[in-house]
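Here the structure is laid out as structure tokens; the discussion comes afterwards.
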Amino acid sequence: YSLSGSVWKKRTLTWSIRSFSQKSQLSPQIVRTLLSYALAVWAAESGLTFQEVNSQEEPDIIIHFARAYHQDSYPFDGAGGTLAHAFFPGEHPISGDTHFDDEETWTFGSTDDNGIDLFAVAVHEFGHALGLGHSSAPNSIMRPFYQGPVGDPATYRLPQDDRDGLQQLYGRVSQNPNARPTRKPLVPPPQPPAMPPDSPSTPVPDRCEGNFDAVANIRGEIFLFKGPWFWRLQPSGQLVSPRPAGLHRFWEGLPTHVKVIQAAYARPLDGRIILFSGPQFWVFQERQLEGAARPLVEFGLPPGEDVDAVFSWPHNGKTYLIRGQKYWRYDEVAARPDPGYPRPLSLWEGAPFAPDDVTISNTGDTYFFKGTHFWRFAEGSVKAESDSPQPIGPKWLDCPAPNSDPRVTSPPKTTSKTRSCDCHCELNQ
Amino acid sequence: AQNPDAKVVSMGVEWLTRYGYLPPADPVHAQMQSLEKLQDAIKVMQRFAGLPETGQMDPMTIKTMRKPRCSLPDVLGAAGLVRRRRR
């Protein structure tokens with residue numbers, strides 16, 4: 001490894017993305033999540049923490065996607081060649097800033113050689129932003145030449161050479177497993193005096209029983225809703241608490257008559273969080289309700305219809321709304337339902353009918369949840385992985401394995417393989 | 001390499017200078033740039049690239065100079081000195 005000779009004196013560094021890629025297939029939401037994971041990689045091996053701040057404040061690390069000459073001494077050169085750079089720590093305004101060439105094809109999890117893996121390059125560049133130079137060690141992330149993707153952002157760990165260099169700069173610490181990505185998670189508000197706190201004796205549902213009403217990926221954290229409660233999983237997969245939080249305590253302004261959230265998703269365009277219940281939905285910015293309840297028909301569903309599941313698919317940026325064995329599609333950019341819907345859910349081969357909800361993991365896969373099981377669809381695929389369904393508990397909620405857990409029922413029926421059938425389902429099946 | 005093309009050598013020297021393997025050219029204190037110094041610079045670059053350290057501007061080395069990479073120099077320090085920590 002090599003050291004730049006400069007280092008941050010503070011241990012909490014702020015960051016902000018000032019400009020996103022204009023042409024990347026990666027949505028701003030995915031870019032933010034990948035960059036927060038890339039920073040978390042360095043936090044995990046040091047005493048550093050990273051906090052994303054909004055644009056008003058002057059952060060330590062300002063991130064830009066830029067092209068050609070962009071007012072610093074490292075003009076980019078179009079696709080290929082130089083990919084990105086970052087400035088070493090210091091007191092100069094540009095210190096720590098990190099620039100990515102917007103003329104590259106930035107990808108995530110791509111298996112072919114097309115494109116440049118954003119997570120891998122971001123980890124490298126943030127190494128510079130912390131004070132590391134290039135390394136000639138064979139497997140170092142700080143090697144100057146692009147070496148391709150480095151695997152799953154949620155489990156990636158720095159190679160030894162880079163850990164050594166980092167600890168020269170910031171001291172030796174044992175790996176901090178809880179270093180969570182810098183995405184500023186939605187933190188609970190100060191308890192409003194009006195509502196009595198949940199006394200520990202208040203009966204709460206058992207997360208290992210599954211049967212969630214809604215599941216949503218909100219800024220890299222997975223929220224699982226059940227009745228007037230919800231659990232949260234941090235991006236690291238850690239449960240914030242085995243005890244669920246109160247729905248109305250957290251989502252400020254949600255009407256008290258709303259007792260169940262039937263579906264939820266985070267809108268990639270503007271980060272708003274949409275909660276659905278009955279024939280209505282509510283829009284939240286952060287945790288605050290924004291405006292009054294809106295009718296579900298705005299998404300193209302027929303009047304009086306409820307919704308089982310809602311998710312935004314990164315593959316095409318469209319929002320999918322599922323009810324029973326049908327689904328509708330909504331174009332967030334045009335702000336109107338797509339024509340030609342509803343369509344049969346069987347187009348999602350292997351998906352369960354009337355799923356409890358659907359969400360996109362931080363690695364870009366699509367997960368259908370129903371009862372105590374989940375079905376995984378690889379990124380961009382509409383065919384369930386062959387090992388689906390799997391029990392939710394052990395994988396997501398730190399619950400005992402199903403064979404020892406009487407609460408786990410057998411997986412429900414799924415959409416048949418795409419073949420015509422004269423099956424006739426009774427109303428109650 | 002055997003009598004590499006002048007353009008290739010020129011591009012190579014520019015590349016090596018850009019990424020810190022050679023000190024920036026200085027018309028005032030024009031310093032000799034011995035061939036041996038050039039070969040040493042190429043060897044260090046080959047180490048960073050994980051190539052055989054031949055010190056020659058061979059085809060593989062030239063091809064690597066065109067690969068996608070980070071803009072920052074590999075060798076830090078005014079005169080191309082490498083402040084490296086030997087394990």
Side-chain angles (χ1 to χ4, degrees), chain A residues 1-6 66 70 72-88 98-101 104-105 113 115-117 120-129 131-148 160-161 164-165 167-169, chain B residues 7-8 10-26 37-87:
Chain A
Y1 58 83
S2 66
L3 307 178
S4 66
S6 62
H70 53 281
D72 71 21
S73 40
Y74 295 109
F76 286 126
D77 53 4
T82 57
L83 305 176
H85 49 257
F87 292 86
F88 294 138
T98 304
H99 300 161
F100 297 91
D101 185 349
E104 304 300 338
T105 302
D113 285 345
I116 304 290
D117 187 81
V121 173
V123 173
H124 174 103
E125 296 307 334
F126 291 143
H128 289 317
L132 283 179
H134 282 148
S135 170
S136 55
N139 62 352
S140 162
I141 191 68
M142 296 311 293
R143 291 184 64 181
F145 295 92
Y146 175 64
Q147 310 285 321
Q160 185 62 49
D161 182 74
D164 290 348
Q167 284 162 10
Q168 286 290 329
L169 294 172
Chain B
K7 269 196 177 24
V8 165
S10 167
M11 181 281 288
V13 169
E14 264 176 38
W15 191 97
L16 290 166
T17 305
R18 174 176 182 178
Y19 291 109
Y21 295 96
L22 288 171
D26 177 344
K37 198 160 188 175
L38 177 57
Q39 288 169 340
D40 284 350
I42 294 172
K43 279 181 188 167
V44 176
M45 175 266 169
Q46 288 165 333
R47 183 183 318 147
F48 269 94
L51 297 173
E53 297 179 32
T54 64
Q56 299 301 312
M57 198 79 83
D58 51 48
M60 178 56 84
T61 300
I62 293 162
K63 182 167 179 266
T64 302
M65 287 178 174
R66 296 193 175 102
K67 278 188 174 178
R69 56 159 293 148
C70 173
S71 315
L72 292 197
D74 303 339
V75 174
L76 303 170
L81 296 178
V82 178
R83 270 211 298 276
R84 302 183 59 70
R85 297 211 175 247
R86 298 207 178 289
R87 266 204 276 246

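Convention: sequence-line order gives letters A, B, ...; per-chain numbering from 1.
Nearest heavy atoms, A:Arg143 versus B:Gly50: NH2-N, 3.5 Å. Between A:Pro144 and B:Asp74, the closest heavy-atom pair is CB-OD1, 3.1 Å. Of all heavy-atom pairs spanning B:Ala49 and A:Phe145, the tightest one is CB-CE1, 3.6 Å.
Between B:Cys70 and A:His128 there is a side-chain heavy-atom pair separated by less than 4.5 Å.
Contacts between A:Glu125 and chain B at a heavy-atom distance below 4.5 Å involve the side chain alone, from C-beta outward. Looking at A:Phe88, the atoms closer than 4.5 Å to chain B (heavy atoms on both sides) all sit in the side chain, from C-beta outward. Only the side chain of A:Phe76 comes within less than 4.5 Å of a heavy atom of chain B; its backbone N, CA, C and O stay farther away.
Interface residues of residues 77-84 of chain A toward chain B, defined by a heavy-atom distance below 4.5 Å and sorted by number: A:Gly81, A:Thr82, A:Leu83, A:Ala84.
Side-chain N or O atoms of A:His134 include none that pairs as donor or acceptor with a backbone N or O of B:Val75 at under 3.5 Å.
The salt bridge (charged side-chain N to carboxylate O under 4.0 Å, His left out) test applied to B:Glu53 returns B:Arg47, not counting sequence neighbours.
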